[in-house]
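Whatever order the structure lists them in is the order used to number ligands and atoms, beginning at 1. Quantities reported herein were computed from a predicted structural model and do not represent experimental measurements.
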Amino acid sequence: MTLHYQAAVLNEARSSLRVETVAAAPLAPSDVLVGVRAAGLCHTDLEVIDGSLGYPMPIVLGHEAAGVIEDVGSAVQRLKKGDHVILSWNPHCGHCYYCDRGLPILCEDYLAKGPQAVQFDGTCKARHASGEELKHLMFLGAFGEYCIVPEQQAIAVTRDIPFDRASLIGCGVMTGVGAALNVARIGRADTVMVIGCGAVGLAAVQGARLAGAAKIIAVDIDADKLALAQRMGATQGVNAKKEEIAAIARRETSGRGADVVIEAAGSAAAFRTSIEAVRPGGELVWLGKIDINTDVTFRWGALMQEKRIRRSSYGEARPARDFPMLAQAYLDGRLMLDELITQRIRLDAINQGFSALRDGKAIRSVITFG
Ligand code: CXF
Ligand code: ZN
């Protein structure tokens with residue numbers, strides 16, 4: 001019998017999402033049916049809505065989610081009905097050139113199929129009532145009551161973490177904490193600067209704290225976000241509207257510059273500031289993004305002196321290793337997630353949720369189901 005459920009569908013860019021009844025595809029042997037319980041609204045979803053990121057339509061967005069396994073395909077081995085899971089948006093084949101070199105984020109199959117907005121086996125897992133196929137953003141499409149994904153994308157975690165907090169681990173938190181714990185090599189005496197205190201930047205501040213950094217300088221233009229960064233582990237907050245950021249980095253490090261700078265603001269100015277603020281031989285991790293066709297200029301001298309620049313899209317996530325670890329860190333009180341949720345909304349309020357994100361009013365709005 002076909003499963004019907006409610007999902008928010010984007011039929012064309014620069015239009016509102018519409019909550020519609022859709023039909024699920026039959027479960028393939030290696031797929032699981034996830035009952036989505038919480039899904040966060042991320043900037044990448046917003047870029048698709050606003051048309052700066054082109055995807056085929058109609059599409060179901062949503063790629064930061066947690067839920068419950070409702071059914072499993074005949075070949076599924078690791079998961080069972082009732083398991084609580086956080087979803088990963090980086091399925092990978094495990095045997096291509098890049099997977100062999102420890103870079104699942106560059107998996108050839110993942111990169112080839114991502115822009116087609118199909119699931120990892122090349123098919124779509126939901127249809128409109130009209131019979132038209134629905135695409136899925138980032139191999140998930142979690143803005144609906146259900147979501148069908150291959151087993152590898154659903155990571156079982158402890159039942160003790162609430163779904164709304166767990167959902168954040170699937171994208172923003174993983175990216176920020178991972179930048180500090182997996183990508184940068186933060187030493188105990190290090191000074192780390194985090195530029196941009198949205199969900200990803202606040203997670204990076206916490207990652208720097210977990211890595212044992214001595215000083216953590218949080219940078220933003222919003223006083224409330226700076227105050228939150230300080231509650232989360234920043235040793236100081238700096239308002240980029242009022243202060244010269246690179247000068248602060250030097251002042252705090254006997255003139256050298258920060259050992260590690262994590263950029264999570266996503267502006268040309270932030271990219272430029274980040275390279276000016278890092279010390280010679282220091283590490284820079286760029287997480288933010290701007291339109292891919294935009295040129296960014298740098299002062300050449302700032303790029304010299306053995307500085308190491310890394311771009312990371314998912315904080316070198318290893319979801320099966322990292323999601324349970326992050327869930328436990330939350331339960332132990334070492335990772336603050338409650339404060340990242342500005343509002344909880346129902347699926348039919350999704351367009352207001354995106355307006356709040358567009359206006360910079362929300363760190364995270366989370367849709368809750370059930
Ligand atoms: C993005 C980062 C840039 C590549 C696509 C995914 N992360 C989360 O939304
Ligand atoms: Zn995201």
Side-chain angles (χ1 to χ4, degrees), residues 8 10 36 38-50 52-55 59-66 86-92 98 103-107 109-117 120 135-143 147 149 153 155 164-179 182-183 196 198-204 207 262-267 270-271 285-294 296 309-319 322-323 326 337 340-342 350 353-354 356-358 362-367:
L10 181 67
V36 179
L41 275 53
C42 172
H43 279 96
T44 306
D45 303 304
L46 188 58
E47 287 176 62
V48 181
I49 296 170
D50 290 348
S52 55
L53 205 52
Y55 270 95
I59 189 169
V60 182
L61 309 177
H63 63 277
E64 183 179 83
I86 299 175
L87 302 181
S88 155
W89 50 255
N90 181 210
H92 51 284
Y98 290 104
L103 288 163
I105 197 74
L106 297 178
C107 166
D109 220 12
Y110 166 80
L111 289 183
K113 287 176 182 155
Q116 298 167 30
F120 203 48
K135 305 290 184 188
H136 308 265
L137 182 66
M138 290 164 73
F139 303 98
L140 290 177
F143 292 150
C147 181
V149 296
Q153 283 178 257
I155 311 302
D164 49 8
R165 267 86 5 128
S167 70
L168 306 183
I169 291 174
C171 185
V173 168
M174 179 69 248
T175 303
V177 177
N182 299 337
V183 184
V200 174
L202 290 169
I262 299 175
E263 182 283 330
S267 71
F271 291 126
V285 184
W286 282 343
L287 302 176
K289 56 198 161 98
I290 55 175
D291 178 85
I292 54 167
N293 296 311
T294 301
V296 180
I309 304 176
R310 284 285 309 275
R311 161 74 206 172
S312 178
S313 287
Y314 206 6
E316 272 179 19
R318 295 293 181 272
D322 294 338
F323 290 0
L326 293 170
L337 299 178
L340 297 178
I341 301 180
T342 313
I350 191 166
F354 277 113
L357 189 62
R358 201 179 279 116
I363 294 176
R364 273 298 193 258
S365 298
V366 177
I367 300 170

Student: Which heavy atom of Lys113 sits nearest to which heavy atom of Phe120, and what is that distance?
Tutor: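 What the structure gives for the nearest pair is NZ-O, 2.9 Å.
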Student: Between Asn90 and His92, which heavy-atom pair has the shortest distance, and what is it?
Tutor: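 Where Asn90 meets His92 most closely, the heavy atoms are O-ND1, 3.0 Å.
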Student: Who are the salt bridge (Lys or Arg N to Asp or Glu O under 4.0 Å) partners of Glu64, not counting sequence neighbours?
Tutor: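 If we apply the salt bridge (Lys or Arg N to Asp or Glu O under 4.0 Å) test to Glu64, skipping adjacent residues, the hits are Arg364.
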Student: What residue among Leu202, Ile169, Leu326 forms side-chain contact (heavy atoms from CB on, under 4.5 Å) with Leu337?
Tutor: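 Only match with Leu337 under side-chain contact (heavy atoms from CB on, under 4.5 Å): Ile169.
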Student: Looking at every non-hydrogen atom in both residues, tell me the closest pair between Cys147 and Leu87 and how far apart they are.
Tutor: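 So the minimum-distance heavy-atom pair works out to SG-CD1, 4.3 Å.
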Student: At a cut-off of 2.8 Å, what protein N/O/S atoms sit near the Zn ion (ligand 2)?
Tutor: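 Hits for the Zn ion (ligand 2) below 2.8 Å: Cys42 SG, His63 NE2, Cys171 SG.
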Student: Anything under 3.5 Å between an N or O on ligand 1 and a protein N or O? List each pair with its distance, or write none.
Tutor:
unit_1: ligand 1; atom_1: 9 (O); unit_2: Thr44; atom_2: OG1; d: 2.5
unit_1: ligand 1; atom_1: 9 (O); unit_2: His63; atom_2: NE2; d: 3.1

Student: Do Lys289 and Thr44 pair up side chain to side chain, a donor and an acceptor below 3.5 Å, judged on atom types alone?
Tutor: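 There is such a pair (donor and acceptor under 3.5 Å, judged by atom type) between the side chains of Lys289 and Thr44.
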Student: Let's go through Ile49 and Arg358 carefully: what are the C-alpha distance in whole Å and the side-chain angles of both, what is the deciding distance for side chain to side chain contact (heavy atoms under 4.5 Å, CB included) to 0.1 Å, and is it a yes or a no?
Tutor: CA-CA 11 Å; Ile49 296 170; Arg358 201 179 279 116; 3.9 Å; yes
Student: Trp89 vs Tyr110 aromatic rings, parallel, tilted or perpendicular, using cut-offs 30° and 60°?
Tutor: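 If you compare the ring of Trp89 with that of Tyr110, the planes turn out parallel.
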Student: Mind checking what makes salt bridge (Lys or Arg N to Asp or Glu O under 4.0 Å) contact with Arg318, not counting sequence neighbours?
Tutor: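 Salt bridge (Lys or Arg N to Asp or Glu O under 4.0 Å) list for Arg318, sorted by chain: empty.
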